[in-house]
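Some notes on the structure that comes next.
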Protein chains: 2
Amino acid sequence: MVTVRDVARAAGVSISTVSRALTAPDKVAASTRERVATVAAELGYLPNRAASGLRAGRTGTFGLLVPDLSNPYFAAVTKGVAERAREHGLGVFVVDSEEDPEIEAELLRGLAHQTDGVVLCSPRDVTGDREVVGAKPVVVVNHRIDGTVSVGSDNTAGIELAVEHLHALGHRRIAYVGGPTTSWSDEQRRAALAEAGRHRPDLEILTFGPHRPVVEGGTAAAGVVVASGATAAITFNDVVAVGLVRRVQDLGVRVPHDLSVVSFDDTFLAHLVTPSLTSVHTDLRGVGRQATDLLVRRLAGAGGADGEPATDTLLPARLVVRESTAPAASLLPPG
Amino acid sequence: MVTVRDVARAAGVSISTVSRALTAPDKVAASTRERVATVAAELGYLPNRAASGLRAGRTGTFGLLVPDLSNPYFAAVTKGVAERAREHGLGVFVVDSEEDPEIEAELLRGLAHQTDGVVLCSPRDVTGDREVVGAKPVVVVNHRIDGTVSVGSDNTAGIELAVEHLHALGHRRIAYVGGPTTSWSDEQRRAALAEAGRHRPDLEILTFGPHRPVVEGGTAAAGVVVASGATAAITFNDVVAVGLVRRVQDLGVRVPHDLSVVSFDDTFLAHLVTPSLTSVHTDLRGVGRQATDLLVRRLAGAGGADGEPATDTLLPARLVVRESTAPAASLLPPG
DNA sequence: GTGAAAGCGCTAACAT
DNA sequence: ATGTTAGCGCTTTCAC
């Protein structure tokens with residue numbers, strides 16, 4: 001293993017000069033800096049993060065906690081985080097809580113202890129998690145929690161886009177197939193739906209749920225959605241939409257002819273399935289990147305939990321229209 | 001931050017006793033051990049991995065490199081690795097190379113340097129990567145490379161299962177829609193296909209590709225597959241199958257009526273799409289778990305690259321029959 | 001601008 | 001069985 005001593009010897013300087021040349025370039029003469037850099041590169045020197053972290057009090061690493069890596073939503077966010085971390089030269093510990101609050105708390109504790117800060121990505125209420133993390137900076141994805149920096153999708157705008165689209169297509173009775181009660185996004189969307197309904201007296205909005213955010217959640221909802229007489233549905237996410245579509249088709253309801261469906265998230269599933277799904281898109285990778293940038297800013301700042309005021313960043317929603325939505329049957333010419 | 005000193009003081013022992021009580025329980029008196037454990041728990045002591053790693057020469061952390069986290073295949077493997085790492089009490093650095101060989105080499109270098117070993121998950125030939133890692137233990141997923149420990153799916157058995165299934169359904173002309181030339185799995189499968197064809201004189205096997213392992217890879221292949229007169233196709237993975245199915249349907253070919261399709265991997269996509277896909281299943285999470293166990297074993301052993309002879313673990317393949325396969329039309333009663 | 005030296009939190013000899 | 005001590009590789013005063 002090549003250490004600072006090796007580089008120092010080869011460059012004919014002291015180890016502190018090597019350290020400075022590599023971490024605080026302006027505190028060393030240009031010529032020295034260059035020589036050290038060259039020698040370091042030749043020797044293939046890589047600083048030992050454990051050692052530098054131990055001494056400097058920061059590890060150059062942060063943690064990312066997600067509930068389920070195989071969920072395309074979190075996979076996309078994770079990619080954004082990983083990508084941006086690399087650009088910042090930071091390491092990332094990725095942990096998967098398997099949607100289990102206990103595991104989540106345990107992992108989070110460990111994560112907070114070994115890293116400089118944490119990006120906390122959880123659909124659940126993470127208020128309790130906050131104190132597990134202690135004084136380390138946290139950025140929360142997909143929640144708005146008092147006293148934390150958060151990043152998320154603009155669910156309100158998303159709902160408005162979905163409703164607007166369906167309303168314009170002539171739908172007047174829209175079902176919302178909601179997610180888990182613990183989901184903050186779901187809460188937001190329900191509130192936004194109520195608001196959207198208030199603005200459109202001719203519109204009737206029916207809400208169903210809670211449903212698990214899996215295929216079975218969608219299949220479970222199919223019966224009541226069909227029975228409700230709704231001509232369009234908005235689902236909690238793509239996967240629920242897939243379940244819903246499949247089951248209503250089994251019941252003889254055609255999508256989009258008899259039922260239009262708009263999903264949330266627009267993960268790659270949305271354009272993979274048949275019919276492809278009209279979906280409320282958010283740049284999830286961007287969410288991850290943004291969360292990372294916010295964390296890095298806090299890391300660079302006071303470093304503590306109170307380094308910066310709580311902020312709430314919303315990434316814009318965009319509606320991607322595909323095959324699962326069509327004009328309400330009543331608008332079609334008869335026959 | 002609570003350190004060994006705090007625990008030592010509170011428990012009335014020396015710091016080395018604390019360290020021993022926590023890491024080598026059989027080297028201290030039971031009563032002492034218990035007292036230390038209690039005090040440590042009360043104080044919320046968590047050992048600092050950076051410090052212990054620095055001193056002990058192992059970090060308690062290993063790296064996992066995957067080409068694309070949002071690929072369901074790698075997501076599943078990653079989950080297995082993460083899960084097992086947690087059970088072993090090890091941290092895991094997950095990095096995403098974005099399918100870029102240069103990024104991969106850079107990340108791998110960093111990874112090898114900060115960790116005790118690496119699980120290398122790459123569809124490409126990783127021979128060059130081996131030396132980047134240096135002396136650290138490596139477990140390779142999805143390859144068989146001289147001198148390394150590897151874990152993978154049993155592609156040969158998988159092909160045999162797929163061919164057997166289709167042959168039994170009466171298919172006599174089968175197309176293989178292959179993956180990238182750089183894919184080792186693809187190579188294996190092509191070899192297995194040739195073998196399967198040799199055993200069945202009445203069977204004709206056509207191979208196509210290379211194709212990118214994405215939806216577009218499948219759509220690109222649709223034309224030639226249909227033109228080839230094959231009544232069944234085996235695809236490199238689920239995503240390619242999705243593309244293939246979609247496009248052949250556009251061409252007026254019904255699946256499975258006119259064309260049966262068997263995919264590889266059986267990720268969650270396979271039962272999500274319509275028609276759901278008959279797919280060669282491997283326990284991918286198990287692959288991840290197995291890779292982790294092998295790495296842990298090497299970590300516990302000599303620790304170096306030569307600690308144990310190279311081994312090649314194959315996880316069994318299983319065929320999951322779903323809607324995308326049916327008897328060859330020629331076997332159906334006319335009309 | 002550069003070097004000498006202290007020490008981050010921990011573990012592993014070496015003592016006792 | 002337990003305490004004392006010397007570092008792991010690095011950053012950061014403090015001198016010069």
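Only heavy atoms go into these numbers, but all of them, side chains included; no hydrogens, no water, no symmetry mates. Labels below follow one simple rule: chain letters A, B, ... track the order of the sequence lines, proteins then strands, and each chain is numbered from 1.
With hydrogens and angles left out, the side chain of A/R20 and the base of C/dG3 share a donor-acceptor pair within 3.5 Å. If you check distances only, the side chain of B/S16 does reach the base of D/dT4 with a donor-acceptor pair under 3.5 Å. With hydrogens and angles ignored, no donor-acceptor pair under 3.5 angstrom links the side chain of B/R55 to the base of D/dG9. The base of C/dA12 is not paired with the side chain of B/S19 by any donor and acceptor separated by under 3.5 Å.
Of all nucleotides listed (C/dG1, C/dC10, D/dT2), D/dT2 comes nearest to the side chain of B/T32. For B/A29, whose side chain is taken as the heavy atoms from C-beta onward, the closest listed nucleotide among D/dC10, C/dT11, D/dT2 is D/dT2. Considering only the side chain of B/L54, C/dG9 comes nearest among C/dT11, D/dC10, C/dG9.
An OP1 or OP2 oxygen of C/dC10 is reached within less than 4.0 angstrom by no side-chain nitrogen or oxygen of B/R58. Between B/S14 and the phosphate of D/dG3, there is a side-chain N or O to OP1/OP2 separation shorter than 4.0 Å.
By the 4.0 Å N-to-carboxylate-O rule, B/D116 lies too far from B/R58 to be salt-bridged with it.
Distance, A/M1 CE to D/dC8 P: 12 Å, rounded to whole Å. Put simply, OH on A/Y45 is 7 Å from C1' on D/dC10, counting in whole angstrom units. If you take CD of A/E34 and P of C/dG1, they are 16 Å apart, rounded to a whole angstrom.
Taking the six-membered ring wherever Trp is involved, the centroid distance between the rings of B/F62 and B/F93 does not fall below 6.0 Å.
The aromatic rings of B/W184 and B/H143 lie parallel to each other, with less than 30° between the two planes, well short of the 60° mark.
Comparing B/A56 and B/V28 by the nucleotide of DNA chain D whose heavy atom lies nearest to each, the residue mapping closer to the 5' end is B/V28. Heavy-atom distances to DNA chain D give each of B/R35 and A/T17 a nearest nucleotide, and the one nearer the 5′ end belongs to B/R35.
A donor and an acceptor atom, one from each side chain of A/H113 and B/N48, are nowhere located under 3.5 Å apart. In summary, the side chains of A/S150 and A/T148 do not present any donor paired with an acceptor at a separation below 3.5 Å, with no hydrogens or angles considered.
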